[in-house]
Amino acid sequence: MPEGHSIHHFKRIHSDYFVNRTVAVSSPQGRFSDEASKIDGTTLEKITAYGKHLFFHFENDKIVHVHLGLYGWFNFCDVDDDDAMEHRQESIRMQLQTDWIVSRLRGPITCELIDHCEVEKIIDKLGPDPILEDSDQERAWNKISTRKKPIASLLMDQSIIAGIGNVYRAELLFMARIYPYTYGTNMLKDDFDHLWRLSKRYMKLGSFDGYIQTLDQRLVEDSNQSTWVYGRQRLQCFVCKYPVTATMVDGRKLYWCPECQI
DNA sequence: AAAAGATGGTGAC
DNA sequence: TCACCCTCTTTTG
């Protein structure tokens, strides 16, 4: 499921097969039909990604804004694969098709047709995205260091840093060994720099792989395990063997190690 | 069979 | 802080 890395991953995959091509756009589910008909058969000029937002720029300033939310996802299949094409048609919000390949979007929280002004408004509300090469680390630090809220809460705030979700939040805090309830105002600059460096490294990696892998597989026996603490409530911490704990922060489960993260 | 929960976010109170 | 939306899977009764 999607955090910022998925968005950049999907941007990359779509770029190979859909950009600079004429694309048939439809909505088998029906909920995007009116908008789809306005861009159906036109050229997809480029795709951009920012935080958890994906933008398909079609000609004539027609831009499809997609936000996957909690469980939105893209699937791809071959145009000649009849079985795949028939599969769960009724939930496909948007389908992009060339004579070569098909992209099918299900369950997004947002799928709408907008123009470049609205794109700007969306991006203006977002903090720097660590996956982007020119992201401004200081802009995030300025906000964090003045906010009297736990860092675990601030990391999920898209207007501070764009793209981090519940898995990366837990993993980054663990890898940087930071106590999750440290107020932004009490954060050390060095700790923030560490967090930022880790977020760039692991979210970039995730955007290439398409999935989150923070745990170094060479260090553990369980080859199916991909995270240090996320989803490991009551299991032993890989570092200190103390049980991983889960507490609610802003209505989301935060996994962390009370022994390692002081 | 029904409910809960999941890597998200908004808007109302 | 809560209800709600989108979809699908897993757990519960």
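Order of the sequence lines fixes the chain letters, A, B, ..., with proteins taken first and strands second; residue numbering starts at 1 for each chain. Model, not experiment: these values are computed from the prediction.
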TODO: Just call it for A:I212: base, sugar-phosphate, or nothing, with non-hydrogen atoms closer than 4.0 Å on any strand.
DONE: base
- [ ] May I ask you to say what A:Q29 touches in the nucleic acid, namely base, sugar-phosphate or nothing, with a heavy-atom cut-off under 4.0 Å?
- [x]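 Sugar-phosphate only.
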Task: Pairs touching residues 199-237 of chain A that satisfy ring pair (Phe, Tyr, Trp, His ring centres under 6.0 Å), sequence neighbours left out - done: A:F174-A:W228, A:Y230-A:Y255
Task: Summary of ring pair (Phe, Tyr, Trp, His ring centres under 6.0 Å) pairs that have at least one residue in residues 127-152 of chain A, sequence neighbours excluded - done: A:W141-A:F192
In this structure, how many angstroms lie between the [atom2] atom of [N] and the [atom1] atom of [X], rounded?
X      : N     : atom1 : atom2 : value
A:K52  : B:dA6 : NZ    : C1'   : 13 Å
A:I109 : B:dT7 : CD1   : P     : 14 Å
A:Y230 : B:dA6 : OH    : P     : 6 Å
A:E3   : B:dG9 : CD    : C1'   : 14 Å
A:N75  : C:dT7 : CG    : P     : 14 Å
A:M248 : C:dC2 : CE    : P     : 10 Å
A:W73  : C:dT9 : CH2   : P     : 13 Å
A:R252 : C:dC2 : CZ    : P     : 15 Å

[atom1] atom, [N] versus [M]: distance in rounded Å?
N     : M      : atom1 : value
C:dC5 : B:dA1  : C1'   : 23 Å
C:dC8 : B:dT10 : C1'   : 22 Å
B:dT7 : C:dT11 : P     : 15 Å

TODO: May I ask you to decide whether A:D250 forms a salt bridge with A:R252, counting only side-chain N to carboxylate O separations under 4.0 Å?
DONE: no
Look for any protein N or O under 3.5 Å of an N or O in nucleotides 11-13 of chain B and output each such pair with its distance, or none.
none

Between [X] and [Y], does any side-chain donor sit less than 3.5 Å from a side-chain acceptor?
X      : Y      : value
A:R104 : A:Q95  : yes
A:T247 : A:W256 : yes
A:D129 : A:H8   : yes

Open item on the list: Taking side-chain hydrogen bond (donor to acceptor under 3.5 Å, both in side chains) as the cut-off, I'd like each qualifying pair that reaches into residues 116-128 of chain A, sequence neighbours left out, listed once.
Closed with: A:D61-A:H116
TODO: Could you list by number each residue of residues 155-169 of chain A showing a heavy-atom separation from DNA chain B of less than 4.0 Å, or answer none if no residue does?
DONE: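 Result for residues 155-169 of chain A: A:Q158, A:G165, A:N166, A:V167, sorted by number.
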TODO: Could you tell me whether the phosphate oxygens of B:dG9, OP1 or OP2, come under 4.0 Å of any side-chain nitrogen or oxygen in A:T110?
DONE: no
TODO: Mind checking salt bridge (Lys or Arg N to Asp or Glu O under 4.0 Å) for A:D193 and listing every partner two or more places apart, or none if nothing turns up?
DONE: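 So A:D193 forms a salt bridge (Lys or Arg N to Asp or Glu O under 4.0 Å) with A:K189.
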Open item on the list: So if I take every side-chain heavy atom of A:H5 and compare against C:dT7, B:dT7, B:dG8, which nucleotide ends up nearest?
Closed with: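 The listed nucleotide nearest to A:H5's side chain is B:dT7.
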- [ ] Fit a plane to each ring of A:F10 and A:F76, take the angle between them on a 0 to 90° scale, and name the class: parallel (under 30°), tilted (30 to 60°) or perpendicular (over 60°).
- [x] tilted
TODO: Take the angle between the ring planes of A:F18 and A:H14 and call it parallel below 30°, perpendicular above 60°, tilted in between.
DONE: tilted
